[in-house]
Amino acid sequence: MSYPGQFRVWRGDADGGALVDFEVEVNEGEVVLDVLHRLQATQTPDLAVRWNCKAGKCGSCSAEINGRPRLLCMTRMSVFEQSEVVTITPMRTFPVIRDLVTDVSFNYAKAREIPSFTPPADLAPGDYRMAQADVERSQEFRKCIECFLCQDTCHVVRDHEENKESFAGPRFLMRIAELEMHPLDVADRVPAAQEEHGLGRCNITKCCTEVCPEGIKITDNALIPMKERVADQRYDPLVWLGRTISRRRG
Amino acid sequence: MTETERHDYDVLVIGAGGAGLRAAIEARERGLRTAIVCKSLFGKAHTVMAEGGCAAAMGNVNDNDSWQVHFRDTMRGGKFLNNWRMAELHAREAPDRVWELETYGALFDRTKDGRISQRNFGGHTYPRLAHVGDRTGLELIRTMQQRIVALQQEDYAAAGDYEARLRVFAECTVTELLTGDDGAIAGAFGYWRESGRFVVFSAPAVVLATGGIGKSFKVTSNSWEYTGDGHALAMRAGADLIDMEFVQFHPTGMVWPPSVKGILVTEGVRGDGGVLKNSDGDRFMFGYVPDVFKGQYAQTEDEADSWYADQDANRRTPDLLPRDEVARAINTEVKEGRGSPHGGVFLDIASRLPADEIRRRLPSMYHQFKELADVDITAEPMEVGPTCHYVMGGIGVDPDTGQSNVPGLFAAGECSGGMHGSNRLGGNSLSDLLVFGRRAGLGAADYVTGLERRPAVREVDVDAAARMALAPFDPVGGQGGSGSGAVGENPYTLHAELQQVMNDLVGIIRTASEMTAALGRLAELRARLRGVVVEGHRQYNPGWHLALDLRNMLMVSEAVASSALLRTESRGGHTREDHPVLDPEWRHRVLRSRCPRIPGDDPVVPHVAVEPAERVPMRADLLALFDLTELEKYYTAAELTAHPQGGTV
Amino acid sequence: MTATVRDDPRRVGARGVDAPGRAAVGARTLRTDRWWLPPTATTVGLLIFLVYGGVRAFQQQYFFADERYLTPFYSPCVSLGCASEPGSSHFGMFLPDHPLIPYAALSLPFLLLFRLTCYYYRKAYYRSFVLAPVACAVPEPHARQTGETRFPLIMQNAHRYFFYVAVVVSLVNTYDSIVAFRHPTDGFVVGVGNLVLLTNVVLLWCYTVSCHSCRHVMGGRLTHFSKHPVRYWLWTKISALNTRHMLFAWVTLASLILTDLYVALVASGTITDFRLVG
């Protein structure tokens with residue numbers, strides 16, 4: 001059941017690099033990461049690839065396969081034709097370190113900018129009571145394995161380096177939604193979502209939802225509900241009219 | 001020699017899994033400057049793979065539960081080999097640790113009255129596992145990761161620097177612990193995976209939280225990080241390991257396709273109604289209830305099935321026996337020719353629950369089989385077989401503080417030993433991480449606060465560590481010891497051979513002759529390691545990283561094989577074909593592994609010596625929690641005189 | 001890593017995936033699938049509807065058939081011109097009859113705006129018309145991206161108000177489809193046209209109710225579902241429909257065209273409405 005597969009793997013670092021052709025044996029039931037491991041063991045021992053659990057649970061092995069952001073460990077070789085050349089590159093939104101490994105520190109910096117969970121001040125540990133119905137929305141977002149594929153595919157930062165400063169990306173806008181919908185979080189997270197984290201830049205083209213390996217409905221369940229909450233607070237035309245008039249008078 | 005980055009901290013935590021993060025949170029909350037070093041990115045640790053839940057006797061689902069019941073279950077699961085003080089602390093403190101996570105923002109599944117829901121699991125008398133679907137480990141990691149971010153935000157608000165008192169060094173590997181002149185911990189030496197540059201940490205306290213050793217085995221549920229770093233670092237720094245012969249093989253790992261062989265299938269499948277069947281369609285576990293558990297498990301399929309609905313009136317299904325029993329049973333079924341097509345047995349949930357319910361309760365299992373094996377678990381049974389999952393053995397520590405026999409060296413989680421005895425119950429790992437992660441962080445904080453003088457890092461040690469780390473680029477020069485292996489060895493080949501040796505010769509079922517053979521092969525691999533050459537340069541070079549990790553794997557493998565050879569009985573995660581029964585004379589003995597530091601020993605992989613010692617007898621009030629008749633199955637008569645029912649001498 | 005190469009003149013000022021520091025892959029996209037197909041299909045589909053709808057809205061004839069079928073493109077018929085088809089106006093006639101004012105000028109602009117600001121259609125035309133981005137991981141051609149932060153796109157936030165109007169119009173359409181069962185001389189009748197109108201109105205409701213704003217207003221804005229069981233129930237039902245919002249968006253475009261076409265063909269005498277009852 002094995003066959004010689006044709007692969008093009010990007011090799012290089014921040015100084016430059018190129019797609020390099022390899023022929024590697026492919027066996028039944030394998031995923032792309034298995035092939036890269038065979039490549040390491042037999043042809044390129046120093047091929048840099050980040051991975052960890054190899055079961056789609058840790059979100060380490062994010063890369064782009066035939067131009068699409070994917071987890072290397074969850075992309076089965078059986079989805080390709082045997083004669084097809086499979087092209088593998090690092091994620092193209094983040095600075096490259098070496099070969100398939102990118103510098104994802106952008107994401108950790110964004111994570112720090114979101115104020116953490118804020119429970120009621122007088123609630124003691126053990127006294128937390130939450131209904132299942134109330135935690136389910138946030139639980140969906142907490143399935144996130146932080147593979148950052150949504151951050152990678154989002155054109156707001158992928159195609160616009162200059163937006164990185166003002167845009168948290170789908171993963172962290174979803175984190176804000178998670179806290180906003182947390183039944184015991186007392187902070188108001190709506191104004192900051194729009195003003196500091198760039199929710200308004202999102203134009204809901206759903207690429208984040210398409211790539212999510214956990215199948216989280218990022219756009220429908222996190223981003224759009226957040227946009228609606230922003231509309232609640234800020235884009236009510238009547239409120240806007242009232243504000244505009246009072247500003248003119250002042 | 002090479003440019004080296006230096007950092008000063010009060011507490012250095014190595015490993016960013018559940019135990020490491022909890023230890024770091026505690027140390028930082030006690031006001032100490034704390035660093036976390038981890039081999040992966042922050043938030044990717046192997047804890048995310050834990051599925052079923054976190055055991056804590058909160059009594060939310062069944063209010064008969066209490067810490068005493070949890071303690072008893074834990075001791076029974078470990079076949080009374082556990083460090084009883086650890087088991088006690090664990091059972092008493094686990095609920096507080098779980099509740100604390102809620103204050104950090106964790107969202108566990110809920111009961112109808114809004115409390116944390118709890119599920120059944122193998123070996124636990126009552127529903128006890130706090131869980132979030134089947135991704136509880138991810139919830140723990142993310143929650144503590146976010147707690148660390150919260151603490152960093154506090155520091156930013158106070159000092160304008162997120163990393164003022166708590167910093168994460170991600171993708172950084174520690175290769176050596178550094179000790180001062182008096183042998184106490186002074187710091188650690190490591191390298192950045194990204195650049196290959198060296199880092200020296202000066203810190204009077206180090207908390208090891210590096211997890212397990214599974215990557216030395218071929219079929220394993222463990223990730224690449226599980227190379228026994230903490231175990232080996234501790235031994236090289238002078239600490240003792242205990243119970244290294246006890247390795248848990250989880251009964252249900254995936255067996256097909258080959259590339260995913262070993263990946264875990266959560267015990268939650270059985271907790272929620274899944275049953276094991278052989279190729280004849282028989283629920284074979286009814287034939288494997290051992291004598292010590294007779295009377296505690298259902299004897300008929302009807303009774304077992306009724307138990308899911310009414311747990312007070314029925315006994316539980318033997319599908320939920322402790323993991324060691326189930327793993328051995330599957331092993332036997334396969335050996336006797338009643339296995340599934342790919343060499344496992346069938347785990348059937350499809351015929352037991354409606355498809356929607358399966359997808360709701362076990363979403364990641366559904367996803368995992370669909371994506372990786374093209375199997376729809378709501379329509380067909382899974383094929384499963386044993387996989388190396390957890391090492392019960394580890395660094396011997398003081399139960400209350402987590403300190404090892406090296407001053408300033410602390411350990412928590414899987415890399416520490418004693419808590420789980422000869423076999424860990426499912427769900428006791430996540431709670432172990434929280435309880436002893438916190439205690440180790442606290443122990444380290446107290447130790448540092450009470451210190452009069454901080455041991456200084458010795459430059460000669462730093463230079464030696466740097467030379468050792470660079471040796472694979474130039475295997476001929478540099479190192480001491482007589483290299484008998486050929487130059488030009490490939491680290492990947494060596495690793496594959498090590499995994500094969502451990503899997504075949506030191507696996508689930510062991511014999512003296514196989515383990516002697518294994519030790520011979522390990523000695524050979526050790527010699528060949530000196531000839532390993534890596535290509536390329538130091539920047540993110542996985543071949544080099546593996547070459548360095550192999551040092552640790554070889555040391556730990558030797559500790560496992562040597563300990564397993566010495567223990568001439570079968571118990572928990574250690575089954576000897578040539579000594580098939582449990583021997584009370586072995587219960588009170590512990591095997592300690594350490595580096596004897598023989599002059600002229602190989603500095604790359606020093607030899608490991610294993611010696612037996614006596615265990616501390618259980619405190620009388622804890623002993624009294626058990627019936628004498630039960631204890632008599634495990635203890636020698638002389639040990640039971642302290643029991644209130646009056647053991648006969 | 002070194003400054004010299006990072007300042008490579010070929011890459012200075014390079015944007016997006018070619019920005020300095022990112023992997024120099026060369027190709028703008030390496031996608032090998034037919035990623036251009038969905039946006040092309042979207043463009044074609046939307047253009048067909050716009051052209052058809054535009055022509056019909058200004059045609060000002062063939063909008064009322066068999067003295068009871070009013071096409072949704074002319075509902076509510078409030079122009080003085082509606083008098084040409086007695087019985088077509090259910091809510092009075094007051095707008096001037098002018099070739100540039102559609103007979104349903106009261107509803108059409110809002111329906112257009114409802115769809116224009118709809119979260120699904122936004123995705124569709126941002127991809128296919130604005131090319132931002134034309135497909136995932138395919139670079140967009142724009143030098144800057146401000147998303148929906150500025151005028152006019154900031155007006156997308158008014159979607160909910162167009163939703164409210166759309167509900168009113170859907171009620172009007174529902175009324176139209178019910179009164180269509182009554183023929184001025186034959187009394188209660190059921191023709192194929194009734195089934196066409198009814199199907200269309202059911203689909204319009206599906207599209208309108210599955211709207212993201214509706215989902216938010218009905219329950220999504222709540223933090224504690226458990227304290228509002230009725231709204232929670234509504235939210236779960238709307239959420240289930242909402243997952244098919246895109247489907248309804250397209251199906252209703254088709255059903256609107258087909259319904260209108262049916263009415264126009266009957267009104268022009270090209271075909272005869274087949275009566276099932278009466």
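It should be emphasised that the depicted structure is a prediction, and the values quoted were computed from it without experimental measurement. Convention: sequence-line order gives letters A, B, ...; per-chain numbering from 1.
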Only pairs of heavy atoms separated by less than 4.5 Å count here; which of [options] has the most with chain A?
{"options": "B/Q153, B/Q368, B/E371", "answer": "B/Q153"}
{"options": "B/R193, B/H537, B/K112", "answer": "B/H537"}
{"options": "B/E102, B/E535, B/M58", "answer": "B/E102"}
{"options": "B/G543, B/A496, B/G105, B/G137", "answer": "B/G105"}
{"options": "B/A150, B/G536, B/P542, B/P257", "answer": "B/P542"}

Heavy-atom contact with chain A under 4.5 Å, split by part of [X]:
{"X": "B/Y156", "answer": "neither"}
{"X": "B/E154", "answer": "neither"}
{"X": "B/I263", "answer": "side chain"}
{"X": "B/N222", "answer": "neither"}
{"X": "B/Y540", "answer": "both"}
{"X": "B/R115", "answer": "both"}
{"X": "B/E139", "answer": "both"}
{"X": "B/L107", "answer": "both"}

Heavy-atom distance under 4.5 Å to chain B: side chain of [X], backbone, both or neither?
{"X": "A/V104", "answer": "side chain"}
{"X": "A/R76", "answer": "side chain"}
{"X": "A/D34", "answer": "side chain"}
{"X": "A/R98", "answer": "side chain"}

Considering all heavy atoms of both residues, which atom of A/P213 and which atom of A/I145 are nearest to each other, and what is their separation?
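Reported closest heavy-atom pair: CG-CD1, 4.1 Å.
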Would you mind telling me which of A/M74, A/K143, A/E113 has the largest number of heavy-atom pairs within less than 4.5 Å of chain B?
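Among the listed options, the one with the most contacts to chain B is A/K143.
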